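Working notes, beginning with the structure itself.
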Amino acid sequence: MTDRSPTEYSHVMGRPRAFDEDKVVRAAVGLFGSRAYDGVSVDDLVTHLGVHRNSLYKTFGSKRGLYLVALRRHLADDVRPLVDALAAASDAATALRLVTSAGLGLLLLAAAERAPVDQEVAAEVTAALGAVDRAIADALGIPTDLAAALTAAALGILLRGNPDSVGTALSQRLDPLA
């Protein structure tokens, strides 16, 4: 007779994650914010983030998956505090300085590069910019469309790459909006 008693198998789990997901996401924010989505390859991610390719795919599903997590982290960690600061802005020049001094590289690149071709990114960008516009409008007591124009001007200053001199010149002209 054979022993037909149930055999106990120990469940063997995969190796524990060898990286700090939070640190990887923050590093991805910097990488995507400096080089854009299309400027970053999976090999770049593996090299710069110190994560094995298989771990990257297992954790984030794809390059796009990591990008979306990084974008959302950027919005939470960088854009949300800006919105909070803008809500206390006393005048348009202050609002302009707050926006042009904020680290918004990933938001700008997402708006220009990914939002036109990715609905999920477009929704995130639209919501973030809408929050910025509403914070400015509420703080300054101006219509939202005028606040959106101020936001657009500030982002344009950032895109030009010289926020200090252009921002100063524009700030001097914005005093009547206070």
Side-chain angles (χ1 to χ4, degrees), residues 22 24-41 44-45 48 60 62-178:
D22 187 61
V24 166
V25 172
R26 286 305 296 159
V29 168
L31 193 58
F32 286 125
S34 65
R35 294 178 36 196
Y37 180 84
D38 288 337
V40 177
S41 69
D44 293 331
L45 291 170
H48 288 34
F60 302 105
S62 64
K63 173 183 157 182
R64 180 180 179 274
L66 174 57
Y67 178 82
L68 288 170
V69 170
L71 176 61
R72 289 178 181 129
R73 174 65 57 84
H74 171 60
L75 298 177
D77 291 356
D78 302 319
V79 178
R80 181 78 239 164
L82 170 63
V83 168
D84 293 342
L86 287 169
S90 58
D91 55 51
T94 299
L96 180 70
R97 277 191 295 280
L98 285 168
V99 174
T100 58
S101 65
L104 301 178
L106 183 51
L107 177 62
L108 286 170
L109 290 171
E113 179 194 34
R114 299 303 306 157
V117 297
D118 187 321
Q119 290 181 352
E120 200 168 354
V121 172
E124 295 287 350
V125 168
T126 298
L129 292 177
V132 169
D133 296 342
R134 284 187 303 281
I136 292 171
D138 292 347
L140 302 183
I142 60 175
T144 305
D145 59 345
L146 182 56
L150 182 60
T151 301
L155 296 177
I157 290 168
L158 285 174
L159 286 173
R160 292 191 68 162
N162 191 358
D164 292 332
S165 67
V166 176
T168 299
L170 185 57
S171 292
Q172 293 169 350
R173 307 257 189 292
L174 293 175
D175 286 334
L177 291 178

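We number each residue from 1, following the sequence as shown. These numbers come from the heavy atoms of this one structure, side chains and all, not from hydrogens, waters or symmetry mates. Source: prediction; values computed, not measured.
The shortest non-hydrogen separation linking L107 to H74 is N-NE2, 3.3 Å. Here the closest heavy-atom approach between residue L104 and residue V99 is recorded as CD1-O, 3.8 Å. Considering every non-hydrogen atom in both S62 and G65, the closest pair reads OG-N, 2.9 Å. Residues A110 and P116 approach most closely at O-CD, 4.4 Å, considering heavy atoms. Closest of all the heavy-atom pairs between L98 and A89 is CD1-CB, 4.4 Å.
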Could you please spell out the steps behind the side-chain contact (heavy atoms from CB on, under 4.5 Å) verdict for V25 and F60? CA-CA 10 Å; V25 172; F60 302 105; 3.9 Å; yes

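Partners of Y67 under the ring-ring contact (aromatic ring centres under 6.0 Å, His included) rule, at least two apart in sequence or in another chain, are F32, Y37.
The shortest side-chain heavy-atom distance between V83 and R80 falls under the 4.5 Å cut-off. Looking at D44 and R35, their side chains come closer than 4.5 Å, going by heavy atoms from C-beta outward. Inter-residue side-chain proximity for I157 and L96 is flagged as met; some heavy-atom pair is nearer than 4.5 Å. In this structure the side chain of D91 reaches within 4.5 angstrom of the side chain of T94, judged on heavy atoms.
Put simply, the side chain of H48 never gets that close to the backbone of L31: no donor and acceptor are under 3.5 Å apart. Side-chain N or O atoms of R114 include none that pairs as donor or acceptor with a backbone N or O of D118 at under 3.5 Å.
No salt bridge links D38 with K63; every basic N to acidic carboxylate O contact stays at or beyond 4.0 Å. Between E120 and R72, at least one side-chain N (NZ, or NE/NH1/NH2) sits under 4.0 Å from a carboxylate O, which counts as a salt bridge.
Here the CZ atom belonging to R73 is positioned 10.5 Å from the CG atom belonging to L66, to the nearest 0.5 angstrom. Considering CG of D77 and CG of L82, their distance stands at 13.0 Å, rounded to 0.5 Å.
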Taking distance alone, no hydrogens or angles, what donor-acceptor pairs closer than 3.5 Å link side-chain atoms of residues 125-147 to residues at least two apart or in another chain?
unit_1: T126; atom_1: OG1; unit_2: A122; atom_2: O; d: 2.8
unit_1: D133; atom_1: OD1; unit_2: T151; atom_2: OG1; d: 2.7
unit_1: R134; atom_1: NH1; unit_2: G130; atom_2: O; d: 3.1

